[in-house]
Amino acid sequence: MNMEFTSAQRSLIESESGGFFEACPGAGKTQTIVERFARRGSARSRRGVALITFTNAAAEEAQRRCTHKPELLQAPNFVGTIDSFINRFFAAPFYKAKFRRSPTFWESWSSLDIATVQGFKGRSISLDEFRFFRGRAELSQQARRGRSPQECKSLEQRAFQKLKSLLKAGHLDSDTARLLAEVEIEKRTYGIGDLVSARFEEVIVDEVQDCNSADLLILNTLRDAGIRLITVGDIDQSIYEFRGTLVSEVRDFVESGNRQSRINTNFRSSPAICKVVDSLREGSGTDIAGGVASSCEIPVHLVGYGKISDIGPSVKSVMSQYQELSQPVFLAYKGDDAALAAGGRAKGRLSSSKVVVLARSCNQLLNPSSTSAKRTRALIDIGLSLQRLHPDKVLAKASEEKYLASLGLTKGAYRELCLRFAVAAGDPAGLPPSAYREKLVKAVDRLEIDLNRKSLRTPASEVWIWEEAPSAEYQYEHSNIHQFKGMETDSVTLIIPHGWQTRKTLQEWREGVGSEARRVLYVGASRAKRLLILAVHNEHLREVKEILERDNVPLALS
Ligand SMILES: Nc1ncnc2c1ncn2[C@@H]1O[C@H](COP(=O)(O)OP(=O)(O)OP(=O)(O)O)[C@@H](O)[C@H]1O
């Protein structure tokens with residue numbers, strides 16, 4: 001590798017003690033840890049070095065960079081994802097010792113047809129909808145919707161039995177593999193910790209901020225067993241709380257080790273973008289622009305918008321000043337916001353408009369290409385939506401039994417009513433939102449359904465996906481921020497929508513309080529190399545401007 005490493009990068013490459021190396025965005029973590037791995041992994045030692053990443057893409061990248069020294073990829077070394085490390089060095093030996101045969105690993109249960117349980121209506125639910133603990137299962141909040149507590153409890157019991165039978169038959173997913181590792185770490189039945197420490201002298205972990213509790217327990221065990229542990233990451237890029245990663249646990253873990261100096265040269269972004277990233281960071285570190293973009297003097301552009309469709313034209317006008325830059329990628333917390341702003345089509349999944357929710361269910365029920373499982377689900381959803389719109393707020397949230405008793409209907413009769421409602425309202429395909437709302441109201445009248453009409457407001461055209469395709473005038477690449485993590489691009493349009501969540505996030509940003517939503521913005525902003533356009537809803541424009549000015553971000557207002 002011909003790259004000249006900075007002194008901070010070299011201190012990671014050459015460290016004798018190990019510990020946690022905090023690295024800013026664009027710090028060149030991959031090159032740095034691969035360089036260390038290449039040096040240490042080829043030293044003639046009885047014990048090997050493991051290089052652990054979080055995604056298959058990162059593992060492949062590391063493997064690709066090691067092809068010049070094939071011995072690096074051979075035993076006793078290891079390069080792979082954390083899942084494959086846990087499967088291979090903890091779960092497989094545990095399983096083999098206990099059951100005297102090898103297990104089969106699945107990335108998730110949805111890839112295994114038989115990993116399901118049957119609900120009350122005969123619908124099958126994947127085991128991925130459950131979280132498993134020792135001795136019990138817990139159904140996800142989303143899958144609970146529309147199910148009685150009794151059904152949920154019964155599903156959880158059956159899911160746990162199913163997990164046990166799959167385990168006996170030799171099937172493990174990544175969470176179950178972690179459970180086995182935890183059991184072994186606690187009970188030390190098979191001495192697996194000793195086997196791992198006999199195999200590895202050093203373990204290097206990239207993106208440590210993405211570890212969940214089980215991962216941290218495993219890393220702690222490695223460290224306690226005397227393995228040199230090198231962890232690299234950026235706590236402010238920890239954005240997987242919904243997957244069980246707790247930033248406080250990661251922080252405690254890295255603080256309990258040997259904290260090393262911060263790698264703070266950002267080789268990706270311009271000075272202005274580094275300033276925004278500093279401002280968004282909860283921690284006190286500051287980044288120094290040190291790559292080719294360090295001489296780029298383009299300020300951060302702040303554009304306000306009222307309607308999401310205003311963003312495309314504003315971005316076009318900003319881009320007309322920078323002919324040399326490639327078109328920006330639109331990023332937002334919600335993929336739908338990014339898609340709509342970029343001139344694409346939202347999936348409509350995230351809109352909470354009651355008319356959109358009913359339109360989606362009616363579309364699924366009446367669309368000839370829907371599967372029967374989808375139709376059954378849609379019919380249940382219609383029933384639930386109509387109940388939630390009942391003018392009596394207590395009844396609107398009551399159990400299905402209570403609600404049906406108040407209507408004097410059996411379940412079957414209520415389903416029939418819902419079906420007649422859907423047929424009367426019709427398929428929304430091809431209709432504008434106002435026309436479909438009228439059809440819904442007429443169907444309600446005709447069937448004398450007791451319902452709060454004020455809640456049936458005409459939805460904004462941006463969330464209406466059933467009319468003709470959007471115009472192609474302003475079309476940009478787009479993504480939600482989570483999917484764009486780890487990537488970089490010349491220009492980014494980062495969308496800050498309106499609403500209470502943004503209000504809260506901006507308050508946290510202004511007051512220096514850390515939060516997942518603030519970290520998501522940090523990840524989004526730090527993907528840009530030369531141009532960052534912040535598209536902020538007019539409701540929040542002044543506040544964002546004040547924060548950026550306070551933090552001395554070079555700014556251009558459009
Ligand atoms: N010492 C260096 N000299 C020049 N360029 C470097 C150096 N180190 C890294 N780079 C370049 O910096 C860019 C950013 O590196 P990389 O994508 O690995 O960052 P990262 O630390 O993974 O960032 P993030 O965590 O934000 O995704 C890459 O284009 C890389 O080639």
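Keep in mind the model is a prediction, meaning the values are calculated, not measured. Whatever order the structure lists ligands and atoms in, that order sets their numbers, starting from 1.
The closest approach between Gly26 and ligand 1 falls below 4.0 Å for a heavy atom of the residue. At a 4.0 Å cut-off, not a single heavy atom of Ala23 sits close enough to ligand 1 to count as contact. Ligand 1 is approached by Gly486 to a heavy-atom distance shorter than 4.0 Å. The shortest separation from a heavy atom of Asp234 to ligand 1 is not under 4.0 Å, leaving the residue out of contact. Put simply, part of Arg527 is less than 4.0 Å from ligand 1, judged by heavy atoms.
Ionic pairing of Asp287 and Arg281 is present here: one or more N-O contacts between side-chain nitrogen and carboxylate oxygen are shorter than 4.0 angstrom. With salt bridges taken as basic N to acidic carboxylate O contacts below 4.0 Å, none links Arg518 and Glu508. Ion pairing of Arg40 with Glu16 is present here, as a side-chain N (NZ or NE/NH1/NH2) and a carboxylate O approach within less than 4.0 Å. Salt-bridge formation is not detected for the pair Arg65/Glu35: no Lys NZ or Arg NE/NH1/NH2 atom is positioned less than 4.0 Å from an Asp or Glu carboxylate oxygen. A salt bridge links Arg542 with Glu546; the closest basic N to acidic carboxylate O contact falls under 4.0 Å. Between Glu549 and Lys545, at least one side-chain N (NZ, or NE/NH1/NH2) sits under 4.0 Å from a carboxylate O, which counts as a salt bridge.
Ranked by closest heavy atom to atom 11 (C) of ligand 1, the top entry among Phe5, Phe267, Tyr522, Phe484 is Phe267.
Looking only at heavy atoms of the protein, atom 25 (O) of ligand 1 is closest to Lys29 NZ, 2.5 Å. At the shortest separation from atom 31 (O) of ligand 1 among protein heavy atoms lies Gln31 NE2, 2.7 Å. Looking at atom 9 (C) of ligand 1, its nearest protein heavy atom turns out to be Gly28 CA, 3.4 Å. Protein heavy atom nearest atom 8 (N) of ligand 1, with residue, atom name and distance: Gln9 NE2, 3.1 Å. Nearest protein neighbour of atom 29 (O) of ligand 1, counting heavy atoms only, is Glu488 OE2, 3.6 Å. Counting only heavy atoms of the protein, atom 17 (O) of ligand 1 lies nearest to Arg268 NH2, 3.4 Å.
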Please lay out, stage by stage, how Glu201 and Arg46 fare under the test salt bridge (Lys or Arg N to Asp or Glu O under 4.0 Å).
CA-CA 9 Å; Glu201 176 178 353; Arg46 197 175 46 81; over 6 Å; no

Going through the checks in order, is the side chain to side chain donor-acceptor pair (under 3.5 Å) test met by Arg223 and Ser256?
CA-CA 11 Å; Arg223 192 165 58 187; Ser256 70; 2.9 Å; yes

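Here is the list of ligand 1 atoms found below 4.0 Å of a heavy atom in Gln237: 24 (P), 25 (O), 26 (O). Atom numbering of ligand 1 starts at 1 in the shown order; those under 4.0 Å from a heavy atom of Thr30 are 18 (O). Shown in contact with Glu4 at under 4.0 Å from a heavy atom are these atoms of ligand 1, numbered in order with element: 1 (N), 2 (C), 3 (N).
Surrounding CD of Glu511 are more than 12 heavy atoms belonging to other residues, nucleotides or ligands, all under 6.0 Å away.
Considering Val536, Val315, Leu541, Ile495 in turn, Ile495 is the only one that fulfils the side-chain contact (heavy atoms from CB on, under 4.5 Å) rule with Tyr305.
In terms of polar-atom proximity, defined here as any N/O pair under 3.5 Å, Ala27 does make such a contact with ligand 1.
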